A.B. asks: 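Encoded as structure tokens, here's the structure I'll be asking about.
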Amino acid sequence: MRLIARYAKELKNDFEVITIYDKIIQREKVPKDTPSMQTLAKIHPCAVWFERKIYDDFGINFSDAYDKRPLVHQERFAKNIHPMQKSFTNKSIQEVDYLPYKYEEISGDGVFQVAVGPIHAGIIEPGHFQFSQAGEEMLHLEVRHFYKHRGIEKMLEGKSLFDVKAIIERISGIESIAYQICLRDIMLQASKQELPKTLKKRHALFLELERTIHHLNNLGFIPNDAGFGAAMSFASKLSEDARRKLKEISGHRFGFGAVDFSIESIDKTSFLEWLDTLQKDIDFFEDWIMDIPSLWDRFDTTGKLTLKKAIKYDTIGVVARASGVSVDRRIDKFYLEHGFEIANEKSGDVAARFKIRLHEVKNSILMMRNFLDENSDDFTLNIFHDGEFFSFCESSIGELLVTIELKDGVIERFFVRDPSFINWQALHLMMRSDIIADFPLINKSCDLSYAGSDL
Amino acid sequence: MIRFWSRRLYESNITEDTDLEKRLYVIKKNIKDKVKKKFAGSLAIRMVDSGSCNACEAECNALSNSYYDLERLGVYFVASPRHADVMLLSGVMTFNMTPYVKNAYEQIPAPKWVVSLGDCPVMQAPFELTHAINAPVDKYFEVTHHIAGCPPTPLEIMEGLLEFLQKI
Ligand code: SF4
């Protein structure tokens, strides 16, 4: 079974820990006075971050866990505060004395540590990477994040579903549409309604356009990190064009506010025209880039994640598909009818992740064609019923999960599992036979979100 | 590679949106002039993300695509605060980032300026205050100029930089 998420919530007398697998959902009660339970990390290594987060958020202890270090709460965060408990209502906290974080380190003769971050050299989000190095070779990497932790889960509690839309679409700006679709599905579940097909197609088109933009960006950035800047000039122009197109059809360059229930038609001719040019350009790009041996020399065998490890770490999205795992939330009737074809590679290296993106751009172009629709249906939402709702969406990074519990019409518990939260934990596995100069390339080939995983 | 260059030769420059191009032309010219006068032809910016949603960063990255091509005007995004004149600050200044942002600012040699980017640092984005957020950033730094928007478009960022250059 694939572990999707593990999180806790507070009940009247107990805490409840909810574990979501791809097939089942398990619930365990933990008494508030002795909040302790067993770890899952021995079977599912990616449970480590979930459990460390649960401790930080609620103070629930995993008695047999091998890693009990704080995750979200960094050096200056007071140790006895667990902000997700309902009794915690402070809007600001004091910095306490600096308590150093103990990094995972390999030591030995001539082995040294390289600390990178939280602020990086380029225009990228902050996060920390701690390397144990033997000369140029990376012996180990620890990924340490949560510098961008904004307390979003807490921020949304007590609000109605309509009030949270603007925040949810800004959790991770480059996956905004995917987040909005998750919220849309939760609204529909809460109002017990079905979405008219035309709206569903419209939103699916936005999602594929968002994926196209993200992938195009990476198709430029990845070669750029291998020293081939021309690809970046080419692809960044295409992604800018795509972003302008998104603005044209949704009113915003990142599609903020795009997924709503109003019906506006898309100018079909101009959109199709643009799709044709993009198709031509991407074919040209592929033809050109496949033919540059020195580039593929850097891509091939670099940053390899084996199929076995990809499954063991429950990876998802582009990373998993590049290692031969067929996971994609778009495997359903609706998408298959509109031309969806899952991308699959086996080698698990930078080359494979690059090819997956190329394939997905081409597939998205095809799907966008099929999602264009002229008819429109009227739609208004009914009132929302209380309950616990789960929704999934395949963002440009991978499977996104949003869960919301509504009680008395307002949010009692809000939880998000960004695909990056899982895939970050598999990043260190890709470094085994590479040198530190390859790290930016490997990291970029996965292109995970910091904002989405830090919340 | 030959295919690439032959296509480049045949198609040469393509202008798609003439209005935008005209506006861009004027802004570019002004930025270039100002950078030349006030920063001897090179303005170094250290972009620091203090807890954004990443859209503001994406727009800054877009500044180097061939439409905007900011580097041609003498404006560089540098890797270290020690090489910078300006700190361009995005995000809501999270509790966890605050010490590092302060540190980055201290590392910038004087004279230095802070320009805030997007609605986040001034708490105008939809986010609300939690225990993990320390914004607005003017509690920590004197902000010379603010570029509003959620996110500001590349063009708006360029206009904002120009306003900043005119201000100082
Ligand atoms: S200002 Fe808006 S776009 Fe920029 S980081 Fe904040 S939420 Fe994202």
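Chain A is the first sequence line, chain B the second, and so forth, proteins listed ahead of strands; every chain is numbered from 1. Computed from a predicted model, the values in this text were never measured in an experiment.
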A.B. asks: Does the distance from a Lys or Arg side-chain N to an Asp or Glu carboxylate O, for K91(A) and E128(B), drop under 4.0 Å?
C.D. replies: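 Looking at K91(A) and E128(B), the cut-off is not met.
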A.B. asks: Which answer fits L63(B), side chain, backbone, both or neither, if we ask what part of it has an atom under 4.5 Å from a heavy atom of chain A?
C.D. replies: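 No part of it gets close to chain A.
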A.B. asks: Which pair of non-hydrogen atoms, one from F254(A) and one from A55(B), has the smallest distance, and what is that distance?
C.D. replies: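 Result for this residue pair: CZ-O, 3.5 Å.
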A.B. asks: Using the side-chain contact (heavy atoms from CB on, under 4.5 Å) rule, pick out the option among H149(A), Q94(A), Q74(A), E95(A) that qualifies with F95(B).
C.D. replies: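 One option only clears the test, and that one is E95(A).
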A.B. asks: Taking the side chain as everything from C-beta on, heavy atoms only, tell me whether T153(B) gets closer than 4.5 Å to R253(A).
C.D. replies: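 Of all side-chain heavy-atom pairs linking R253(A) with T153(B), at least one is under 4.5 Å.
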A.B. asks: Ignoring hydrogens and angles, tell me if any N or O in the side chain of S80(B) forms a donor-acceptor pair with the backbone of A121(A) under 3.5 Å.
C.D. replies: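 Checked: no pair found.
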A.B. asks: At a heavy-atom separation under 4.5 Å, does L156(A) approach chain B through its side chain, its backbone, both, or neither?
C.D. replies: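 Neither part; nothing is under 4.5 Å.
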A.B. asks: Can you tell me how far the SG atom of C150(B) sits from the CZ atom of R170(A), to the nearest 0.5 Å?
C.D. replies: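 Atom-to-atom, C150(B):SG and R170(A):CZ are 4.0 Å apart.
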A.B. asks: Verify the neighbour count for atom OH of Y98(A): are there more than 12 heavy atoms of other residues, nucleotides or ligands below 6.0 Å?
C.D. replies: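 Yes, OH of Y98(A) has more than 12 neighbouring heavy atoms, counting only those of other groups under 6.0 Å.
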A.B. asks: So for atom NZ, which belongs to K32(B), do other residues, nucleotides or ligands contribute more than 12 heavy atoms lying within a distance under 6.0 Å?
C.D. replies: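 It does not: K32(B) NZ has 12 such atoms or fewer within range.
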A.B. asks: Side chain, backbone, both or neither: which part of E75(A) has a non-hydrogen atom closer than 4.5 Å to chain B?
C.D. replies: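 It is the side chain, since no backbone atom gets that close.
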A.B. asks: Classify the ring geometry between H131(B) and F88(A) as parallel (under 30°), tilted (30 to 60°) or perpendicular (over 60°).
C.D. replies: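 Answer is perpendicular, since the angle exceeds 60°.
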A.B. asks: Need one label for K159(A): side chain, backbone, both or neither, based on atoms under 4.5 Å from any heavy atom in chain B.
C.D. replies: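 Side chain of K159(A) only, per the 4.5 Å heavy-atom cut-off to chain B.
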A.B. asks: Applying side-chain contact (heavy atoms from CB on, under 4.5 Å) between K148(A) and each of V92(B), N96(B), D49(B), report the one that passes.
C.D. replies: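 Going through V92(B), N96(B), D49(B) one by one, the side-chain contact (heavy atoms from CB on, under 4.5 Å) with K148(A) is satisfied by D49(B) alone.
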A.B. asks: Which atoms form the tightest heavy-atom contact between S52(B) and A451(A), and what is the distance?
C.D. replies: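 It is O-CB, 3.6 Å.
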A.B. asks: Is H120(A) in contact with chain B via its backbone, its side chain, both, or neither, using a 4.5 Å heavy-atom distance?
C.D. replies: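 For H120(A), the contact with chain B is made by the backbone alone.
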A.B. asks: In terms of heavy-atom proximity below 4.5 Å to chain A, should C56(B) be classed as side chain, backbone, both, or neither?
C.D. replies: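 For C56(B), neither part sits under 4.5 Å from chain A.
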A.B. asks: Atom CG in N61(B), atom CG in N217(A): separation rounded to 0.5 Å?
C.D. replies: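 Spacing of CG (N61(B)) from CG (N217(A)) equals 7.5 Å.
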A.B. asks: What's the shortest heavy-atom distance between I119(A) and Y100(B), and which atoms?
C.D. replies: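 What the structure gives for the nearest pair is CD1-O, 3.8 Å.
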A.B. asks: Might you confirm whether atom NZ of K280(A) has over 12 heavy atoms from other residues, nucleotides or ligands at distances under 6.0 Å?
C.D. replies: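 At most 12 heavy atoms, drawn from other residues, nucleotides or ligands, come within 6.0 Å of this atom.
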A.B. asks: Judged by atom type as modelled, is there a donor-acceptor pair below 3.5 Å linking the side chain of N54(B) to the main-chain atoms of E125(A)?
C.D. replies: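 Not confirmed, N54(B) side chain does not pair with E125(A) backbone.
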A.B. asks: Counting heavy-atom pairs under 4.5 Å with chain B, which one of R76(A), H73(A), K154(A) comes out on top?
C.D. replies: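 The candidate making the most pairs under 4.5 Å is R76(A).
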A.B. asks: Give, for atom CD1 of I93(A) and atom CG of N134(B), the distance between the pair rounded to the nearest 0.5 Å.
C.D. replies: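 The CG atom of N134(B) is 8.0 Å from CD1 of I93(A), to the nearest 0.5 Å.
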A.B. asks: Is any side-chain heavy atom of P151(B) closer than 4.5 Å to one of H252(A)?
C.D. replies: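 Result yes, sub-4.5 Å side-chain heavy-atom pair found.
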A.B. asks: Okay, side chain of K237(A), backbone of Y67(B): is any donor-acceptor separation there less than 3.5 Å?
C.D. replies: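 No: the side chain of K237(A) does not pair with the backbone of Y67(B).
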A.B. asks: Over all heavy atoms of both residues, which pair between G51(B) and R150(A) is shortest? Give the atoms and the distance, please.
C.D. replies: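 Looks like O-CD, 3.9 Å.
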A.B. asks: Name the region of Y450(A), side chain, backbone, both or neither, that has any atom closer than 4.5 Å to a heavy atom of chain B.
C.D. replies: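 Neither part, no heavy atoms under 4.5 Å.
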A.B. asks: Please name the pair of heavy atoms, one in T94(B) and one in Y147(A), separated by the smallest distance, quoted to 0.1 Å.
C.D. replies: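 It is OG1-O, 2.6 Å.
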A.B. asks: Identify which of P126(A), S239(A), G122(A), A235(A) forms the greatest number of heavy-atom pairs closer than 4.5 Å to chain B.
C.D. replies: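 When all of P126(A), S239(A), G122(A), A235(A) are compared, P126(A) has the most.
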A.B. asks: Donor-acceptor pair, N65(B) side chain versus E240(A) backbone, under 3.5 Å?
C.D. replies: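 Not confirmed, N65(B) side chain does not pair with E240(A) backbone.
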A.B. asks: Of the non-hydrogen atoms in M47(B) and I123(A), which two are nearest, and what is the gap between them?
C.D. replies: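 It is CG-CG2, 3.8 Å.
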A.B. asks: Give a yes or no on whether N90(A) atom CG has more than 12 heavy-atom contacts from other residues, nucleotides or ligands under 6.0 Å away.
C.D. replies: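 Count over threshold, so yes.
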A.B. asks: Please classify the contact of E153(A) with chain B as side chain, backbone, both or neither, using a heavy-atom distance under 4.5 Å.
C.D. replies: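 For E153(A), neither part sits under 4.5 Å from chain B.
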